[in-house]
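I have placed the structure first, in the form of structure tokens, so that the comments after it can refer back to it.
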Amino acid sequence: MIKENLNHILKEIPASVTLVAVSKTKPTSDIMEAYDQGHRVFGENKVQELTGKFEELPKDIEWHLIGHLQRNKVKYIAPFVSLIHAVDSLKLLKEINKQAAKNERVIDCLLQFHIAEEDTKFGLELKEAHALLISEEFLHMENVRVVGLMGMATFTDNQDQIRKEFKALKGYFELVKENHFKEDDYFNVLSMGMSGDYSIAIEEGSNMIRVGSKIFGERNYQH
Ligand SMILES: *Cc1c(COP(=O)(O)O)cnc(C)c1O
């Protein structure tokens with residue numbers, strides 16, 4: 001099933017959209033099924049689970065951390081993580097920069113924006129992102145690179161609501177690009193869309209979707 005699900009989604013989405021296969025809570029054998037189809041980009045939302053799977057699985061996998069990241073855990077993923085999706089503070093970015101330097105790496109990050117109605121979801125407002133990006137501290141960081149934005153829509157059946165939120169995130173992306181990364185080609189990632197809403201997300205300009213249950217099946221517990 002994993003193979004069929006994966007191929008179905010890959011056929012459906014434009015080649016310009018990166019599919020992050022979200023394997024959280026799933027066994028490494030499930031990941032290997034997708035891997036054997038040629039898939040290499042996987043996302044996890046827990047540091048401990050991510051490091052365990054990294055150690056066990058082939059080293060050409062590109063691992064993304066998609067969930068909320070605590071500062072004291074950055075050190076565990078800094079040696080190998082490819083992209084950190086949910087950066088929502090300068091303090092966190094500082095720690096990523098520090099740990100990346102220790103590993104002689106530059107770590108790519110996305111700023112997470114708050115677009116959902118629920119105030120339980122993490123993320124920055126435009127003003128906060130702006131403040132972060134013009135801060136002296138950020139401008140002196142040499143071991144992190146902000147390559148785009150990430151966001152999660154409200155968990156709802158209301159398609160108009162979801163579309164409106166994705167439209168807003170795309171608008172923030174354009175503004176941040178224009179104001180802070182105009183000449184920087186690397187700032188080009190817009191991570192939005194999950195199993196239930198990736199089609200709308202792509203219509204609204206997403207070029208990176210994070211899809212779990214539609215590839216690997218329902219999870220036993222919700223993260
Ligand atoms: C779990 C998760 C996903 C994938 O969710 P599905 O609905 O299973 O596709 C995407 N993004 C984040 C941040 C997640 O935690």
Side-chain angles (χ1 to χ4, degrees), residues 1-2 4-14 16-26 30 34 41-47 49-50 64-70 83-89 92 109-130 132 147-177 188-223:
M1 270 315 267
I2 292 171
E4 286 79 11
N5 293 343
L6 180 68
N7 289 334
H8 174 82
I9 296 169
L10 287 171
K11 235 182 267 162
E12 194 181 40
I13 66 175
S16 55
V17 174
T18 302
L19 172 63
V20 181
V22 176
S23 46
K24 64 190 186 194
T25 80
K26 299 296 178 181
D30 282 7
V41 186
F42 293 89
E44 291 283 337
N45 73 335
K46 294 264 195 283
V47 166
E49 192 174 345
L50 175 57
H64 292 201
L65 186 81
I66 59 172
H68 184 67
L69 176 58
Q70 287 171 309
L83 181 62
I84 298 176
H85 283 235
V87 174
D88 61 359
S89 73
L92 176 58
C109 297
L110 303 177
L111 296 182
Q112 181 174 11
F113 268 57
H114 179 87
I115 53 169
E117 255 184 354
E118 306 124 33
D119 39 71
T120 51
K121 290 199 176 144
F122 298 100
L124 298 161
E125 305 289 334
L126 186 59
K127 263 199 322 222
E128 296 169 315
H130 179 71
L132 185 159
V147 300
L149 306 186
M150 176 270 205
M152 281 165 95
T154 303
F155 188 71
T156 171
D157 289 332
N158 184 342
Q159 310 265 302
D160 293 339
Q161 169 91 26
I162 294 169
R163 188 178 295 281
K164 195 179 78 188
E165 291 171 2
F166 285 153
K167 241 189 232 310
L169 185 56
K170 169 72 168 169
Y172 297 142
F173 175 85
E174 297 299 344
L175 274 174
V176 170
K177 170 99 187 145
N188 61 11
V189 178
L190 181 53
S191 168
M192 62 183 192
M194 313 183 5
S195 289
D197 56 21
Y198 68 81
S199 302
I200 303 177
I202 292 169
E203 283 167 20
E204 296 306 330
S206 168
N207 59 17
M208 184 173 282
I209 58 175
R210 310 175 307 271
V211 179
S213 44
K214 235 189 148 179
I215 298 173
F216 297 106
E218 292 301 323
R219 289 176 297 273
N220 289 331
Y221 55 99
Q222 202 66 41
H223 275 244

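Position 1 is the first residue of the sequence; numbering continues from there. Keep in mind it's a predicted model, so treat the numbers as computed, not measured.
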Task: Glu44 side, atom CD; Ser23 side, atom OG - distance, nearest 0.5 Å - done: 3.5 Å

- [ ] State which residues pass ring-ring contact (aromatic ring centres under 6.0 Å, His included) with His130; sequence neighbours excluded, sorted by chain then number.
- [x] His180

Open item on the list: Less than 4.5 Å apart, side chain to side chain, heavy atoms only: is that true for Val22 and Ile215?
Closed with: no

- [ ] State the CD-CG distance between Glu165 and Asp197, to the nearest 0.5 angstrom.
- [x] 9.5 Å

Task: Check: Lys24 and Lys46 side chains under 4.5 Å, non-hydrogen atoms - done: no

Open item on the list: Would Asn207 and Ile202 count as a side-chain contact (heavy atoms from CB on, under 4.5 Å) here? Give the steps.
Closed with: CA-CA 7 Å; Asn207 59 17; Ile202 292 169; over 6 Å; no

Open item on the list: Strictly distance-based, threshold 3.5 Å: is any side-chain N or O of Ser206 a donor or acceptor partner for the main-chain N or O of Met208?
Closed with: yes

- [ ] In plain terms, say whether Lys170 and Glu204 are close enough for a salt bridge, that is, a side-chain N and a carboxylate O under 4.0 Å apart.
- [x] no

Open item on the list: As an exercise, state the distance from NZ of Lys26 to CZ of Phe42, rounded to the nearest 0.5 Å.
Closed with: 13.5 Å

Open item on the list: Below 30° counts as parallel, above 60° as perpendicular, anything between as tilted: where do the rings of His68 and Phe122 land?
Closed with: parallel

Open item on the list: Determine whether a donor-acceptor pair (N or O, by modelled atom type, separation under 3.5 Å) exists between the side chain of Glu128 and the backbone of Glu125.
Closed with: yes

- [ ] Write down the atom of Ala129, the atom of Leu111, and the distance for their closest heavy-atom approach.
- [x] CB-CD1, 4.3 Å

TODO: Check whether any side-chain heavy atom of Met192 lies under 4.5 Å from a side-chain heavy atom of Met150, and answer yes or no.
DONE: no

Task: Check: Ile9 and Tyr198 side chains under 4.5 Å, non-hydrogen atoms - done: yes

Open item on the list: How close do Ala153 and Ala116 get, counting heavy atoms only, and between which atoms?
Closed with: C-CB, 3.9 Å

Task: Phe173: partners by ring-ring contact (aromatic ring centres under 6.0 Å, His included), with sequence neighbours left out - done: Phe187

- [ ] Check the side chains of Arg210 and Ser191 for a donor-acceptor pair under 3.5 angstrom, ignoring hydrogens and angles.
- [x] yes

- [ ] Provide the closest heavy-atom pair for Ser195 versus Val211 in the form atom of the first, atom of the second, distance.
- [x] OG-CG1, 3.4 Å

Task: Heavy-atom pair of closest approach, residues Thr156 and Gln161 - done: CG2-CG, 4.0 Å

TODO: Applying ring-ring contact (aromatic ring centres under 6.0 Å, His included), name anything that partners Tyr172, two or more places apart in sequence or on another chain.
DONE: Phe113

- [ ] Can you see which heavy atom on Gly193 is nearest to which on Ala201, and at what distance?
- [x] CA-CB, 3.5 Å

Open item on the list: Would you compute the distance between atom NZ of Lys177 and atom CG of Leu149 and round it to the nearest 0.5 angstrom?
Closed with: 11.0 Å

- [ ] Enter the distance from Lys11:NZ to Ile13:CD1 here, rounded to the nearest 0.5 Å.
- [x] 12.5 Å

Open item on the list: Do Phe216 and Thr25 have side chains that approach each other closer than 4.5 Å (heavy atoms only, starting at C-beta)?
Closed with: no

Task: Trace of the side-chain contact (heavy atoms from CB on, under 4.5 Å) decision for Cys109 with Val87 - done: CA-CA 7 Å; Cys109 297; Val87 174; 3.8 Å; yes

TODO: Kindly indicate whether the side chain of Met152, heavy atoms from C-beta on, has any atom under 4.5 Å from the side chain of Ile115.
DONE: no

Open item on the list: Any heavy-atom pair between the side chains of Val41 and His64 that's under 4.5 Å?
Closed with: yes

Open item on the list: Is any side-chain heavy atom of Leu69 closer than 4.5 Å to one of Val47?
Closed with: yes

Open item on the list: Under the criterion side-chain contact (heavy atoms from CB on, under 4.5 Å), I'd like the reasoning laid out for His85 against Gln112: C-alpha separation, chi angles, the key distance, then a yes or no.
Closed with: CA-CA 7 Å; His85 283 235; Gln112 181 174 11; over 6 Å; no

Task: Test side-chain contact (heavy atoms from CB on, under 4.5 Å) applied to Glu203 and Arg163, step by step - done: CA-CA 9 Å; Glu203 283 167 20; Arg163 188 178 295 281; 2.8 Å; yes

- [ ] Rounded to the nearest 0.5 Å, what's the gap from CD on Glu174 to CG on Leu169? Could you check?
- [x] 10.5 Å

